Amino acid sequence: MGRPSGERVTVDRLARRYGRLLLVYPRTYRRFRGDELLGALLDAAPPGRTRPTVRETADLVRHGLRARLGRPASRTVVAWALLASVIGGLFTAALATRVAWQTAEPLPRTAEAREMLAQILPGQEFTGIEDAPALFVFYGQPLSWGAVHNLLFWDGGEYAQAGIGGVVDGTLAYPPQQTIELVQRNLRADGWTVHPTTTNDMYGCVGPPCDPTTIPKSTTIVAGRGDTTFTMQVNPAYPGNSAFISAGFRRATPSAVYPYGIGGGLLGGAAVFLLFGWASRRTERRRLAGAGLKLLLGVTLFLWWVPTVASVQWMARHHRAEPHPSWHPMWEWLGQPTFSLPFLVGCGSALLGLAIAAVPGGDREPGSAAADRPTPV
């Protein structure tokens with residue numbers, strides 16, 4: 001006799017939910033082992049169960065993701081997959097944040113910037129105020145194909161967020177210390193959040209003899225209000241050099257950057273994991289192709305991870321050393337585009353590895369030693 005209709009409905013519902021979880025496994029696994037595993041799961045389920053347990057779900061996902069990597073005897077394939085997925089996710093997150101930066105409001109125009117500076121430091125005339133040509137610039141100009149050579153060959157650090165501001169070179173309307181105090185007072189009165197000032201020596205100590213306390217210091221004022229940041233540097237006069245002030249406005253990080261970055265990172269990391277697993281399974285029974293893939297993977301991860309780790313360390317020290325109402329964009333934390341040449345070479349290495357994996361000869365055969373085996377849950 002068949003099962004009662006109510007029980008059949010319950011079993012069918014549970015089977016559909018198990019079937020959706022089995023999509024975590026690679027297609028070849030599901031083709032040759034899926035029915036067997038689904039039957040074992042249904043046989044083990046107590047009467048009346050309509051959905052997988054949390055433990056079953058976690059086990060199926062974990063073993064399914066591991067099956068996607070192939071190479072069941074390998075002890076390091078998971079670590080390599082994680083390294084590739086994390087760095088791939090970081091790069092795609094950085095790309096997504098660059099797209100999100102396009103939602104930022106345009107910078108103030110010349111007249112507005114001049115008016116804002118007059119409110120912050122009245123009675124002082126700033127020169128050199130010009131409209132910003134773009135949100136991000138390379139040597140003060142929008143990025144163009146003509147700049148690619150300089151961008152790739154170690155000049156990428158010049159690609160930076162644009163700002164608008166001006167300078168005072170010569171006579172100051174107020175003494176340096178009075179200028180600093182007046183600017184801070186006016187900023188607070190106008191609703192700006194003023195961060196602690198930072199000071200730096202105007203020149204290095206030359207000697208002996210040398211008294212560091214006699215070296216004049218420049219003072220940097222940083223503030224933020226809404227989607228705008230403000231920076232002013234005040235340099236006092238000293239023998240052979242006149243007093244100098246530079247001040248400017250930039251846009252703060254748009255709120256869209258954060259969801260774009262998180263979403264882009266998760267999608268990119270998942271895509272890299274799937275590509276890694278596909279290439280790994282395609283070459284696990286081809287010794288020469290597998291060796292070539294490992295070499296190219298090592299080159300790619302070296303060229304991606306080493307500059308990234310160095311850049312993260314440098315940026316962390318930089319942010320600790322001075323206040324930042326808006327942090328530097330994510331790609332700068334990853335060493336881009338300063339290290340864009342190693343990044344692109346790494347991309348080429350990764351694409352060559354995928355091309356090797358795509359060469360026919362990596363299809364699985366049912367019952368082969370390398371085929372994924374059912375995993376108890």
Side-chain angles (χ1 to χ4, degrees), residues 90-117 126-169 220 222-233 245-261 263-265 268 304 307-308 311 314-315 318-319 322 324-348:
L90 289 174
F91 283 133
T92 52
L95 177 61
T97 61
R98 179 61 185 88
V99 174
W101 264 97
Q102 294 304 119
T103 65
E105 290 292 325
L107 285 163
R109 303 299 293 270
T110 298
E112 185 182 357
R114 192 181 301 278
E115 181 180 351
M116 294 169 69
L117 287 173
F126 286 84
T127 62
I129 304 176
E130 297 180 355
D131 291 344
L135 185 61
F136 288 90
V137 293
F138 185 68
Y139 281 115
Q141 298 298 320
L143 187 62
S144 64
W145 284 109
V148 169
H149 181 272
N150 290 332
L151 189 72
L152 290 178
F153 290 96
W154 318 116
D155 237 1
E158 297 299 328
Y159 179 78
Q161 185 183 357
I164 182 169
V167 300
V168 177
D169 191 0
T220 302
V222 179
R225 185 182 65 181
D227 63 352
T228 306
T229 66
F230 170 75
T231 303
M232 175 179 283
Q233 185 176 1
I245 296 177
S246 65
F249 305 93
R250 289 183 175 181
R251 287 303 180 204
T253 304
S255 58
V257 162
Y258 303 103
Y260 271 62
W304 285 357
T308 297
S311 297
W314 187 91
M315 291 297 292
H318 171 68
H319 277 71
E322 57 188 62
H324 282 77
S326 181
W327 282 22
H328 286 253
M330 183 177 179
W331 55 87
E332 292 185 14
W333 284 80
L334 304 181
Q336 301 301 318
T338 302
F339 296 108
S340 53
L341 182 60
F343 169 74
L344 290 177
V345 174
C347 288

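Predicted, not measured: the structure shown is a model, and the values here were computed from it.
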Qualifying residues under side-chain hydrogen bond (donor to acceptor under 3.5 Å, both in side chains), relative to [X], sequence neighbours excluded:
X      : answer
Ser311 : none
Ser326 : Thr253
Tyr159 : Arg98
Asp227 : Arg251

For this session: List in chain and number order the residues that pass salt bridge (charged side-chain N to carboxylate O under 4.0 Å, His left out) with Asp131, two or more places apart in sequence or in another chain; answer none if no residue qualifies.
Result: Arg109

Problem set entry | Summary of side-chain hydrogen bond (donor to acceptor under 3.5 Å, both in side chains) pairs that have at least one residue in residues 329-345, sequence neighbours excluded | His328-Glu332

Problem set entry | Residue pairs involving residues 137-152 (criterion side-chain hydrogen bond (donor to acceptor under 3.5 Å, both in side chains); sequence neighbours excluded) | Tyr139-Asp155

Exercise. Has the side chain of His318 got a donor or acceptor atom that lies under 3.5 Å from a matching backbone atom of Trp314?
Worked result: no

Return the set of residues passing side-chain contact (heavy atoms from CB on, under 4.5 Å) with [X] (not counting sequence neighbours), or none when no residue passes.
X      : value
Pro259 : none
Ala96  : Tyr260
Val222 : His195, Thr220, Thr231, Pro323, Pro325
Ala160 : none

Problem set entry | Partners meeting ring pair (Phe, Tyr, Trp, His ring centres under 6.0 Å) with Phe126 (sequence neighbours left out) | none

For this session: Give the minimum heavy-atom separation between Gly264 and Thr92, together with the two atoms involved.
Result: O-OG1, 3.1 Å

For this session: Identify the two heavy atoms, one from Val137 and one from Pro142, that lie closest to each other, and give their separation to 0.1 Å.
Result: CG1-N, 4.3 Å

Exercise. Does any non-hydrogen side-chain atom of Thr127 lie less than 4.5 Å from one of Val167?
Worked result: yes

For this session: Could you tell me whether the side chain of Pro329 reaches within less than 4.5 Å of the side chain of Phe136, counting heavy atoms only?
Result: yes

Exercise. Taking atom CD of Glu322 as the centre, does the number of heavy atoms from other residues, nucleotides or ligands within less than 6.0 Å exceed 12?
Worked result: yes

